[in-house]
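Beneath this line is the structure, given in structure tokens, with notes to follow.
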Amino acid sequence: MTESFRQSDENPSGPHQAPSAPHASAAPQQPGYPPLPGFEPTPAGPAHSGRRRARGPVALLAAVALAAAAVGGGTAYAFQTLTGDDSGSGGTRNVNGTSVSAGSKGTVAGVAAAVSPSIVEINATTGSGKSTGSGVIITSDGEIVTNNHVISGATDITVRTSDGKTYKARTVGTDSKKDLALIKLEGASGLKAANLGDSDDVQVGQEVVAIGSPEGLTGTVTSGIVSALDRDVTVSADPGRGQEQGQGQGPGGGWPFEFGGEQFNGDTGSSKTTYKALQTDASLNPGNSGGALIDMNGNIIGINSAMYSAGSGSGAGSGSESGSVGLGFAIPINTVKADLGKLRAGAEG
């Protein structure tokens, strides 16, 4: 643009002299400005016609240049916003609905800060005892997704959010075949809903973060990778079995499940269901059930549902120590999203 302006303004007789225009009204000139064009046609000629035609575009380009200089800051801001380029910015960015420091994006600390407000601790009471698990807030008015085995058969459900508030909750719908349940808090509003991602995009080896309440330790954060996809995990589909075993009270200390033809953490019983799961080495312990498996952009990609405890294989003694050994499983979030309509409609089973 600058080069075009110089070429158009070249004149061997001087920068502010213009060829005379016959019959043109002589307009007064102001110092430092090019002369005004005449109102009558200029005689044809290569030198005159070239310079005369150039003045319209030059004036337009000059105006554009001035306008661009005036809004340059806004243009740069718009470019950064549209392209996601936050270099040089010291503020915060909106990441998946949660304000996260730009410097923390893609870190475990950043993910924990963004998603922890959307993860809750669930305490369920049945005639057989109590169980502790976790859940994920999916609406601001308190819809929470968790595992069916966390709340199955419960007569009373209490939920504690990350800020320490407690709510009573009711069961909206259950699906024991997928080990999923939807509960709803009473009198809740303004909660931070989690962003549900796309588990079809998950790749083996990608980093993940798990958040839950193992052993009642609310908001515990662990990290690891996705170890495998599409693992066939078999769990009990018996209503209330989760409370009978209890989180951390079954043989080996974890929720009983089967994998590869073997039973772990206790007997799954005669009524079973199998689902495809994401496998992770992020540390999962009793109480993580129903919590979130999260990618490094803060998207929920799975609901943690089963774990292998050390020494908890079939036939393990009751004195065996329990704990995570890096074999955890999560229900893919796309399975959850496909089941939400059924759960909201009050499904039982």
Between the CG atom in L278 and the CD1 atom in I333, the distance rounded to the nearest 0.5 Å is 9.5 Å
For the atom pair OG1 (T161) and CG (L191), what is the distance rounded to the nearest 0.5 Å? 7.0 Å
Check the pair V221, V209 against side chain to side chain contact (heavy atoms under 4.5 Å, CB included), reporting the backbone distance first and the verdict last. CA-CA 7 Å; V221 177; V209 174; 3.6 Å; yes
Does I119 offer a backbone N or O that forms a donor-acceptor pair with the side chain of K192 under 3.5 Å? no
Do D200 and N334 get their side chains close enough for a donor-acceptor pair, meaning under 3.5 Å? yes
Going by an N to O cut-off under 4.0 Å, is there a salt bridge joining K276 and D230? no
Can you check side chain to side chain contact (heavy atoms under 4.5 Å, CB included) on Q203 and V226, steps first, answer last? CA-CA 7 Å; Q203 298 180 356; V226 174; over 6 Å; no
Compute whether any side-chain donor of one residue and acceptor of the other, for N123 and T132, lie under 3.5 angstrom apart. yes
Any non-hydrogen side-chain atom of Q206 less than 4.5 Å from a side-chain atom of D295? yes
Between the side chains of D156 and K168, is the shortest nitrogen-to-carboxylate-oxygen separation below 4.0 Å, so that they form an ion pair? yes
Run the salt-bridge test on E121 and R160 with the 4.0 Å N-O cut-off and return the result as yes or no. yes
Distance in Å, R231 CZ paired with Q279 CD, rounded so as to fall on 0.5 Å steps: 4.5 Å
Is there a side-chain contact between I144 and I138 (heavy atoms, below 4.5 Å)? no
Within the distance-only criterion (no hydrogens, no angle test), does the side chain of K337 pair as donor or acceptor with the backbone N or O of D198 below 3.5 angstrom? no
Would you say the side-chain atoms of S283 and T222 include a donor-acceptor pair closer than 3.5 Å? no
Under 3.5 Å, is there a donor on one side chain and an acceptor on the other for N304 and N288? no
Distance alone, cut at 3.5 Å: any donor-acceptor contact between the side chains of S305 and Y275? yes
If we only count heavy atoms from C-beta on, is the M296 to V108 side-chain gap below 4.5 Å? yes
Would you find a donor on one side and an acceptor on the other, under 3.5 Å apart, between the side chain of S223 and the backbone of A210? no
Output for pair (E348 CD, K342 NZ), nearest 0.5 Å, gives 11.0 Å
Do I331 and L180 have side chains that get closer than 4.5 Å, going by heavy atoms? yes
S116 side chain to A112 main-chain N or O, any donor-acceptor pair under 3.5 Å? yes
Over all heavy atoms of both residues, which pair between G224 and D281 is shortest? Give the atoms and the distance, please. CA-OD1, 3.3 Å
Backbone N/O of G290 and side chain of N147: donor-acceptor pair under 3.5 Å: yes
